[in-house]
Amino acid sequence: MPKITLPDGSERQYDAAVSGAEIAASIGSGLAKAAVAVRVDGEPWDLTRVIENDARVEILTRDSDDGLELLRHDAAHVLAEAVKELWPDTQVTIGPAIENGFYYDFSRKEPFTETDLETIEARMQEIVDRDEVIEREIWKRDDAVAFFRGIGEEYKAEIIDSIPAGEDVSLYRQGDFIDLCRGPHLPSTGKLGKAFKLTHVSGAYWRGDSNNEMLQRVYGTAWSNDKQLRKYLHMLEEAEKRDHRRLGRVMDLFHFQEEAPGAVFWHPKGWSLFQSLIAFMRQEQNAAGYQEINTPEVMSRSLWEASGHWESFGDNMFTTETVDGRMYAIKPMNCPGHVQVFKQGITSYRDLPYRLAEFGKCHRYEPSGALHGMMRVRAFTQDDAHVFCTPEQITSESIAVCNLILGIYRDFGFEDVRIKFADRPEVRVGEDAVWDQAEAALVSALDASGLEYTHNPGEGAFYGPKLEFVLRDAIGRDWQCGTLQVDLNMPGRLGASYIGEDGEKHLPVMLHRAIFGSLERFMGILIEHHAGNLPLWLAPVQIKVLTITSDADDYAREVIAELRARGLRAEADLRNEKISYKVREHSVAKIPVQFAVGQRETENRSVAIRRLGSKKQQVMSLADAIQALLDEVEKRASQD
RNA sequence: GCCCACAUAGCUCAGGGGUAGAGCACUUCCUUGGUAAGGAAGAGGCCCCCGGUUCAAAUCCGGGUGUGGGCUCCA
């Protein structure tokens, strides 16, 4: 006689043990239809599983986050069933729900083709039409291992084998397909609906280990209804329009070519934007007490051996051997160079904290498959800095860095920033006692700053723990940009020290920090965040002056001269073309402000202003227009 | 690095064992037009590279390089 308590606090008494489906039906037919699973005392259960005792029960509907995840998980099972029907000698492995969809990893000799995807998708729809009952079964672990081994599913058997002996496992059966799964699942395949689509195939290593066999992964997306599916597919198209590689071309910012994989060829407009980013950062960090330096790009291999980089990353460094047989490395980082500058001057604790910054161009031989537009390159520019300080100064310096980073992100319109604390990795340099100290210092700085953060275990740098600053862009994607690392190892390895108040030699603490991270990557993120519609203060060409007829050419030249004299980046378009033609071309090129000038404007020294994205025009005196734009630049305002 | 796909004009792409195609961009001419493409003509190609098959390869096959989607990696 279970008493069921619903989330709103109401209670229902049932005469006998009752299933989630029955509870939902007793509340309403609409709910019964939308229900996909239940949560019983916080634990997700199948809708058909019988509840014997008093419990708190929550009905999960297909529209809820949990319900959607379940649908996606079911879609993965239906995918696996379809593949097993079509190609019985394919082995199944794992198939989880992921953000926006699902995937399933299969082991087979022949990779899937694009045509196979269509075939599989059609079969999945048949399985949905068949409306097969999905049943939960509890097996003894060893029986399950023997069963899967018996039907040739070695991977499945291996997974179950890694579950502690003596534990029972749950299997789910739908039609002739049976799979190990924690559940819960839908009561039948028909409930999945057809708002799913297979999207692409790729390779994926078994258990995520590159030493293992490469499996064939099929990705798909799944939603609660067709409308949601269409909305998602539309969002993908919109994201593609924002692609910085496409916009970099239409905005004439940069290009890549085969002779320099992973390295940017900057065009005048792209370099202008790059310089704007540097100018801004320079101003902000000078104000925060940093001094800018520059260190060599090519240094002897011995320095990298001393720093520990050679051992950890030697395979990923560009090297160069001179005719006399000396081996040099092209710098992958700036820190060893900064330590050399520290060693040349600083001897006293009175000089600390000592903050050195560099816009250093680094080269890393990234795996070819990792390259991706400007987001992952082999030649990039870091806004790198190192704060040399005493152990007592770690907290205050770390807080200052956090505030600097968050403030700068706000200036770029990134308000949603997450912080992750990454501690010691398995492969590292230095004593554990030193790591204890560095991690504790970073955590205490975080606690003192009052900022929220999450824990990212084992993801620290080889020389110290770090904070990762992750910003979320306009369409909800996360990008890790900034970093703050506490390093108690490198100064000692490279022989840096200072004389403390006590007259003794001490090792300085080194805080590594970057805010943009890579300027190339940050620019890519900025372009995609703004969909190319850069805020006025960053736009390489801020104003285009378009003439209606050639009678206005002289006035247009005057306007350009005036704009440039006031520090605005402006270009004229005096071509013998119709105004619509010019407007379209510069709109496509994402120029934020267009001034149209014709006879009327020439006569009263005005401009007809059209902002990117707007179809309206505003006529204003040239003087007022310039002032308004200067104000906007000063405020670093974003249009969106 | 690994799996799959792709590589044709500046760009976006069609084609396909035997003179290389379109749209846009570009050049010239006409047009001086008030807010997202005015008209005409012209020029533009080692069909990514190296091999092989073939009477004949841009096309088929193999290898390489690059790019894309993932996996692994990211000091």
Side-chain angles (χ1 to χ4, degrees), chain A residues 103 105 110-114 116 199-219 243 245-246 249-250 252 255-262 304 307-317 331-336 362 364-373 375-378 380 382 384 425 427-429 459-464 466 480 483 485 487 490 512 514 517-518 521 546-553 575-588 594-601 608-610 612-617 619:
Chain A
Y103 68 75
D105 284 347
E110 290 294 308
F112 293 109
T113 64
E114 295 293 320
D116 290 340
T199 50
H200 54 284
V201 285
S202 81
Y205 297 109
W206 166 237
R207 298 207 146 158
D209 184 336
S210 57
N211 296 313
N212 289 342
E213 186 206 345
M214 173 119 343
L215 306 171
Q216 302 298 324
R217 176 171 295 180
V218 177
Y219 280 93
D243 191 310
R245 290 163 299 191
R246 189 184 80 82
R249 238 192 324 273
V250 305
D252 193 18
H255 83 269
F256 289 92
Q257 67 186 49
E258 200 171 332
E259 290 82 353
W304 303 104
S307 71
H309 289 98
W310 189 263
E311 197 190 337
S312 299
F313 294 101
D315 289 346
N316 297 310
M317 285 164 73
K331 74 175 174 185
M333 293 195 82
N334 305 297
C335 25
C362 298
R364 297 178 183 177
Y365 187 73
E366 301 287 1
S368 57
L371 300 180
H372 178 92
M375 303 306 193
R376 189 83 182 268
V377 288
R378 286 182 174 154
F380 60 101
Q382 284 184 320
D384 203 3
V427 182
R428 58 181 182 266
V429 297
E459 295 295 318
F462 73 85
Y463 47 70
K466 65 181 177 185
Q480 195 211 305
T483 179
Q485 302 161 8
D487 180 0
M490 189 100 47
H512 304 240
S518 144
R521 180 176 144 89
L546 333 179
T547 49
I548 308 274
T549 71
S550 55
D551 293 339
D553 285 2
R575 291 175 304 169
N576 174 16
E577 295 292 351
K578 286 200 164 61
I579 191 68
S580 310
Y581 183 91
K582 296 184 184 181
V583 165
R584 175 174 194 278
E585 191 170 294
H586 302 125
S587 298
V588 168
Q594 300 189 37
F595 284 180
V597 296
Q599 199 183 349
R600 295 201 292 270
E601 289 76 14
I609 305 169
R610 181 185 170 121
L612 181 58
S614 165
K615 291 198 188 306
K616 288 188 224 138
Q617 313 146 51
V619 180

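In the text below, chain A, chain B and the rest are named by the order of the sequence lines, each starting its count at 1. All of these numbers come straight from a predicted model, not from anything done at the bench.
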Give one of base, sugar-phosphate or nothing for A/Gln485, where a contact means two heavy atoms less than 4.0 Å apart. sugar-phosphate

Quick one, A/Phe595 with A/Ile609, criterion side chain to side chain contact (heavy atoms under 4.5 Å, CB included). Give me CA distance, side-chain angles, the key distance, then yes/no. CA-CA 5 Å; A/Phe595 284 180; A/Ile609 305 169; 3.7 Å; yes

Under 3.5 Å, N/O pairs linking protein and nucleotides 70-72 of chain B:
from, atom 1, to, atom 2, distance (Å)
B/G70, O3', A/Tyr219, OH, 3.1
B/G70, O2', A/Ser202, OG, 2.5
B/G70, O2', A/Tyr219, OH, 3.2
B/C71, O4', A/Gly203, O, 3.2
B/C71, O2', A/Tyr205, N, 3.0
B/C71, N4, A/Gly369, O, 3.4
B/U72, O2', A/Ser210, OG, 3.2

Who passes salt bridge (Lys or Arg N to Asp or Glu O under 4.0 Å) against A/Arg378, sequence neighbours left out? none

Checking A/Asp243 now: which residues fulfil salt bridge (Lys or Arg N to Asp or Glu O under 4.0 Å) with it, not counting sequence neighbours? A/Arg245

Check if the side chain of A/Arg428 and the base of B/A75 share a donor-acceptor pair of N or O atoms closer than 3.5 Å. no

Expressed as a whole number of Å, how far does the P atom of B/A22 sit from that of B/A40? 15 Å

If the cut-off is 4.0 Å, is A/Lys582 near the phosphate of B/A37, judged by side-chain N/O to OP1 or OP2? no

With the threshold set at 4.0 Å, does a side-chain nitrogen-carboxylate oxygen contact exist between A/Glu585 and A/Arg575? yes

For the side chain of A/Phe313, starting at C-beta, report the closest nucleotide among B/C74, B/U67, B/G1. B/C74

Whole-Å gap separating C1' (B/C11) and CD (A/Glu585): 13 Å

Looking at side-chain heavy atoms only, is the closest gap between A/Arg376 and A/Ser518 below 4.5 Å? no

Do A/Asn316 and A/Glu366 have a side chain donor and acceptor closer than 3.5 Å? no

Within this structure, what is the CG-to-C1' distance between A/Asn212 and B/G1, rounded to whole angstrom? 15 Å

For B/A7 and B/C61, measure between their P atoms and round to the nearest Å. 13 Å

Rounded P spacing from B/C30 to B/C13 in Å: 36 Å

What form does the base of B/U8 take, syn (within 90° of 0) or anti? anti

Is there a side-chain contact between A/His512 and A/Tyr463 (heavy atoms, below 4.5 Å)? yes

Using a heavy-atom cut-off of under 4.0 Å over every strand shown, decide if A/Leu371 touches base, sugar-phosphate, or nothing. sugar-phosphate

Nearest to the side chain of A/Arg249, which nucleotide is it out of B/U32, B/C3, B/C11? B/C11

Given the C1' atoms of B/U67 and B/C48, what is the spacing between them in whole Å? 11 Å

Do you see a donor-acceptor pair shorter than 3.5 Å between the side chains of A/Gln216 and A/Ser202? no

For A/Phe256, report the nucleic acid contact type (base, sugar-phosphate, nothing); a contact means any heavy atom under 4.0 Å. nothing

Of the nucleotides B/G68, B/C26, B/G38, which has the atom closest to the A/Arg575 side chain? B/C26

I need the CG-P distance between A/Asp315 and B/A75, as an integer number of Å. 15 Å

The nucleotide from B/A36, B/U32, B/G1 with an atom nearest the side chain of A/Ser550 is B/U32

Candidate pair A/Val377 and A/Arg521, rule side chain to side chain contact (heavy atoms under 4.5 Å, CB included), full reasoning: CA-CA 8 Å; A/Val377 288; A/Arg521 180 176 144 89; over 6 Å; no

Need one value for A/Pro332: base, sugar-phosphate or nothing, where a base atom within 4.0 Å counts as base even if backbone is also close, heavy atoms only. base

Atom NZ of A/Lys578 to atom P of B/G39: distance rounded to whole Å? 9 Å

What contact category does A/Gly460 fall into here, base, sugar-phosphate, or nothing, at under 4.0 angstrom with non-hydrogen atoms? nothing

Can you tell me the distance, in whole Å, between the CD atom of A/Glu577 and the P atom of B/G34? 14 Å

Starting from C1' on B/A37, measure out to NE2 on A/His586 and report it in whole angstrom. 13 Å

Distance between the C1' atoms of B/G21 and B/U8, in whole angstroms? 10 Å

Does a side chain donor of either A/Asp553 or A/Ser550 reach within less than 3.5 Å of an acceptor in the other side chain? no

So if I take every side-chain heavy atom of A/Pro261 and compare against B/G66, B/G1, B/A37, which nucleotide ends up nearest? B/G66

Taken to the nearest whole Å, CZ/A/Phe380 to P/B/A75 is 10 Å

Under-4.0 Å side-chain N/O to phosphate OP1/OP2 contact, A/Arg245 with B/G68: yes

Rounded to whole angstrom, note down the P distance from B/G1 over to B/G64. 10 Å

How many whole angstroms separate atom CZ of A/Arg364 from atom C1' of B/G1? 18 Å

Please report the C-alpha distance between A/Ile579 and A/Leu546 in whole Å, then the side-chain angles of each, then the deciding distance to 0.1 Å, and finally whether the side chain to side chain contact (heavy atoms under 4.5 Å, CB included) criterion is met. CA-CA 7 Å; A/Ile579 191 68; A/Leu546 333 179; 3.9 Å; yes

Using the P atom as the reference point in each nucleotide, state the distance between B/C4 and B/G62 in Å, no decimals. 12 Å

Separation between CE of A/Met333 and CD of A/Gln382, rounded to the nearest 0.5 Å: 6.0 Å

Report the secondary structure of RNA chain B in dot-bracket form, marking unpaired bases with a dot and bases paired to a different strand with |, and treating Watson-Crick or G-U pairs with both distances under 3.5 Å as paired. (((((((..((((....[..)))).(((((.......))))).....(((((..]....))))))))))))....

Sugar-phosphate, base or nothing in reach of A/Lys466, heavy atoms under 4.0 Å: sugar-phosphate

Could you go through nucleotides 40-49 of chain B and list every protein N or O atom that sits under 3.5 Å from one of its N or O atoms, giving the distance for each pair?
none

Does the side chain of A/Tyr103 reach to within under 4.5 Å of the side chain of A/Val218, using non-hydrogen atoms? no

Of the listed B/A37, B/G69, B/A75, the closest approach to the A/Ser580 side chain comes from B/A37

Over 60° means perpendicular and under 30° means parallel, so classify the ring planes of A/His309 and A/Trp304, tilted if in between. perpendicular

What residues, two or more places apart in sequence or in another chain, satisfy salt bridge (Lys or Arg N to Asp or Glu O under 4.0 Å) together with A/Arg217? A/Asp105

Relative to the 5' end of RNA chain B, which residue comes earlier, A/Ser614 or A/His309, by the nucleotide with the nearest heavy atom? A/Ser614

Interatomic distance at C1', B/C60 relative to B/G18, whole Å: 15 Å

Hey, does A/Glu110 reach any base, or is it just sugar-phosphate, or nothing, if we go heavy atoms under 4.0 Å? nothing

When A/Gln594 and A/Ala461 are each assigned the nearest nucleotide of RNA chain B, the 5'-most assignment goes to A/Gln594

